[in-house]
Each structure stands twice: as structure tokens, then as C-alpha cells.
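Taking it in order: structure first as C-alpha cells, then the write-up.
Here the structure is a predicted model, which is why all the values come from computation and not from measurement. Throughout, a chain's letter reflects where its sequence line sits, starting with A, and its residues are numbered from 1.
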Amino acid sequence: MPAKSFWLMKSEPDECSIDDALAMPRQTVPWFGVRNYQARNFMRDAMRIGDGVLFYHSGCAEPGIAGIGEVASTPYPDATQFDPKSPYHDAKSSRESPRWVLVDVRVLRKTRYLALAELRRHEALADMAVLRKGNRLSITPVTPAEWRYLGTLLGSASR
DNA sequence: GCCAACGTTGGC
DNA sequence: GCCAACGTTGGC
């Protein structure tokens with residue numbers, strides 16, 4: 001069995017907050033709406049069930065890490081791409097050959113809110129992909145060292 | 001609302 | 001294959 005990987009996944013709380021995710025059956029949400037190939041490829045090619053996930057709130061007054069979860073499914077097509085009424089509709093995609101896939105993410109627990117501004121103050125996290133200038137990727141890899149360090153910051157086991 | 005960063009599109 | 005124009009992301 002390959003080693004577990006770790007990911008930071010951005011969600012706009014207006015669309016799906018950590019509380020919204022916790023309110024879902026089995027605290028699990030399909031990570032719909034990703035329309036960037038690099039982020040899609042992480043879900044399609046690199047993620048494995050059980051990988052660690054930092055649930056991150058973006059596009060809001062105070063962005064930051066809101067909880068910890070895990071990858072809970074293998075990749076499958078994002079249904080919103082086929083829905084003409086969805087903002088994520090993609091007319092160039094087809095059911096025969098879907099362009100966009102997603103994974104399910106299961107929230108394990110809400111953490112204390114670790115704001116982006118605080119993340120930036122930790123030297124140990126200086127190389128985190130999400131902190132890089134101009135970063136726009138909605139899914140970024142987290143190194144095991146960063147994951148462990150964040151585990152101590154968030155006051156929990158960092159399994 | 002501003003704007004830097006950067007991905008995508010399409011003409012050539 | 002290049003690259004300018006354009007659109008989007010997302011922090012501030």
C-alpha cells in the first residue's frame with residue numbers, strides 16, 4: 001500500500017462550508033466545480049482513499065483552514081458539468097467522455113480556525129503551495145512535514 | 001472594488 | 001507553436 005498523501009482543498013463557504021459538509025450524510029461531499037486541469041489531475045491521478053485533506057475556506061472575508069478530512073472515494077465524473085443550469089456547466093464535455101472528475105471528501109472534524117494570515121507567520125509552513133504568491137490552484141499538495149506541523153498547530157493527531 | 005497572477009482561447 | 005487578448009481566481 002502506497003504511503004498516504006495530503007492535500008489542501010479550497011471551498012467557498014458561501015457554496016459549501018465546513019458546516020455544510022458536516023451536515024451531509026456521512027459528513028461527505030462531492031468536490032464539485034473544479035475546472036482547472038492541474039487540480040482535476042490531482043483528484044484523477046494522485047489521490048487515494050484515506051489521503052488527508054485540509055478543508056480550506058477561500059473567497060471569503062478571512063480565508064483559512066476550517067477542518068480536517070479525508071479522501072473518501074475514487075474519482076468519478078462531476079455531474080455539474082452536464083447540467084446546463086449549473087455555473088459549472090461545460091458544453092464541451094460529454095457523458096461519453098467526461099472532462100471533469102471529482103472525489104468525495106469526508107470531513108473528520110472541524111478544527112480551530114487557522115487563518116491564512118496565521119499560516120503566513122509560521123516559518124515551517126513558508127513553502128506551502130497555498131502560500132505562494134499568485135497561487136490560484138484550488139487543490140494543492142501538502143508535504144508530510146507540513147501536515148505533521150499543522151497537526152500540532154491544530155491540536156490533534158496528525159495521522 | 002482593485003489588481004497581480006496565471007490559465008485558456010484563438011488567430012496567425 | 002507562438003503569443004496577445006481575455007477571463008478567472010482570490011487575497012487584500
Side-chain angles (χ1 to χ4, degrees), chain A residues 5-24 28-47 51-71 73 75-143 145-147 149-154:
Chain A
S5 299
F6 306 99
W7 308 94
L8 181 144
M9 300 178 74
K10 296 180 186 174
S11 181
E12 299 193 7
D14 283 353
E15 184 148 57
C16 181
S17 71
I18 187 95
D19 291 323
D20 295 333
L22 283 168
M24 299 282 284
T28 299
V29 286
W31 210 264
F32 63 90
V34 169
R35 294 294 179 270
N36 169 283
Y37 289 105
Q38 209 180 335
R40 178 205 66 182
N41 293 348
F42 284 141
M43 292 195 284
R44 189 189 64 185
D45 306 330
M47 286 188 182
D51 279 2
V53 172
L54 300 168
F55 196 111
Y56 181 94
H57 283 176
S58 74
C60 53
E62 190 178 32
I65 294 168
I68 287 178
E70 65 182 8
V71 174
S73 78
Y76 63 96
D78 179 343
T80 63
Q81 72 194 300
F82 307 124
D83 177 1
K85 290 193 293 292
S86 168
Y88 300 114
H89 179 238
D90 184 349
K92 293 179 186 164
S93 187
S94 69
R95 289 184 186 276
E96 296 70 38
S97 178
R99 180 178 294 191
W100 305 108
V101 297
L102 52 67
V103 297
D104 289 341
V105 173
R106 177 167 146 90
V107 175
L108 297 174
R109 65 186 186 85
K110 209 168 157 175
T111 61
R112 78 175 176 89
Y113 199 71
L114 212 178
L116 176 59
E118 182 181 349
L119 287 175
R120 291 195 190 283
R121 290 199 291 270
H122 289 271
E123 186 62 29
L125 302 176
D127 292 333
M128 275 190 84
V130 73
L131 300 183
R132 286 207 274 269
K133 186 177 179 182
N135 161 70
R136 284 170 37 190
L137 254 193
S138 62
I139 300 176
T140 49
V142 174
T143 68
E146 289 161 352
W147 181 266
Y149 187 86
L150 284 160
T152 64
L153 280 186
L154 296 168

- Message: Restricting to side chain to side chain donor-acceptor pair (under 3.5 Å), what partner residues turn up for Glu118(A), sequence neighbours left out?
- Response: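 Side chain to side chain donor-acceptor pair (under 3.5 Å) check on Glu118(A) returns Arg112(A).
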- What residues form a side chain to side chain donor-acceptor pair (under 3.5 Å) with Tyr88(A), not counting sequence neighbours?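 Partners of Tyr88(A) by the side chain to side chain donor-acceptor pair (under 3.5 Å) criterion, ordered by chain and then number, come out as Glu15(A).
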Residue pairs fulfilling side-chain hydrogen bond (donor to acceptor under 3.5 Å, both in side chains) with at least one residue in [range], sequence neighbours excluded:
| range | value |
| --- | --- |
| residues 75-87 of chain A | Arg35(A)-Asp78(A), Arg35(A)-Thr80(A), Tyr76(A)-Asp104(A), Asp78(A)-Thr80(A), Gln81(A)-Ser93(A) |
| residues 51-69 of chain A | Trp7(A)-Asp51(A) |
| residues 121-137 of chain A | His122(A)-Tyr149(A) |

- Query: Going 5' to 3' along nucleotides 5-10 of chain C, which nucleotides have protein heavy atoms under 4.0 Å from the base (write B), which only from the sugar-phosphate (write S), and which from neither (write -)?
  - Reply: --BBBS
- By salt bridge (charged side-chain N to carboxylate O under 4.0 Å, His left out), which residues pair with Arg120(A), not counting sequence neighbours?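 Partners of Arg120(A) under the salt bridge (charged side-chain N to carboxylate O under 4.0 Å, His left out) test: none.
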- Item | Partners meeting salt bridge (charged side-chain N to carboxylate O under 4.0 Å, His left out) with Asp20(A) (sequence neighbours left out) |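 For Asp20(A), no residue satisfies salt bridge (charged side-chain N to carboxylate O under 4.0 Å, His left out) once neighbours in sequence are set aside.
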- Nucleic acid contacts of residues 33-44 of chain A, taken as heavy-atom distances under 4.0 Å to DNA chain B: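 Output list: Asn36(A), Tyr37(A).
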- Task: Return no unless some side-chain N or O of Arg132(A) is found under 4.0 Å from OP1 or OP2 of dG11(C).
- Result: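 Answer is no, no contact under 4.0 Å.
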- For residues Cys16(A) and Phe55(A), report the shortest heavy-atom separation together with the two atoms involved.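 Of all heavy-atom pairs spanning Cys16(A) and Phe55(A), the closest is O-CZ, 3.8 Å.
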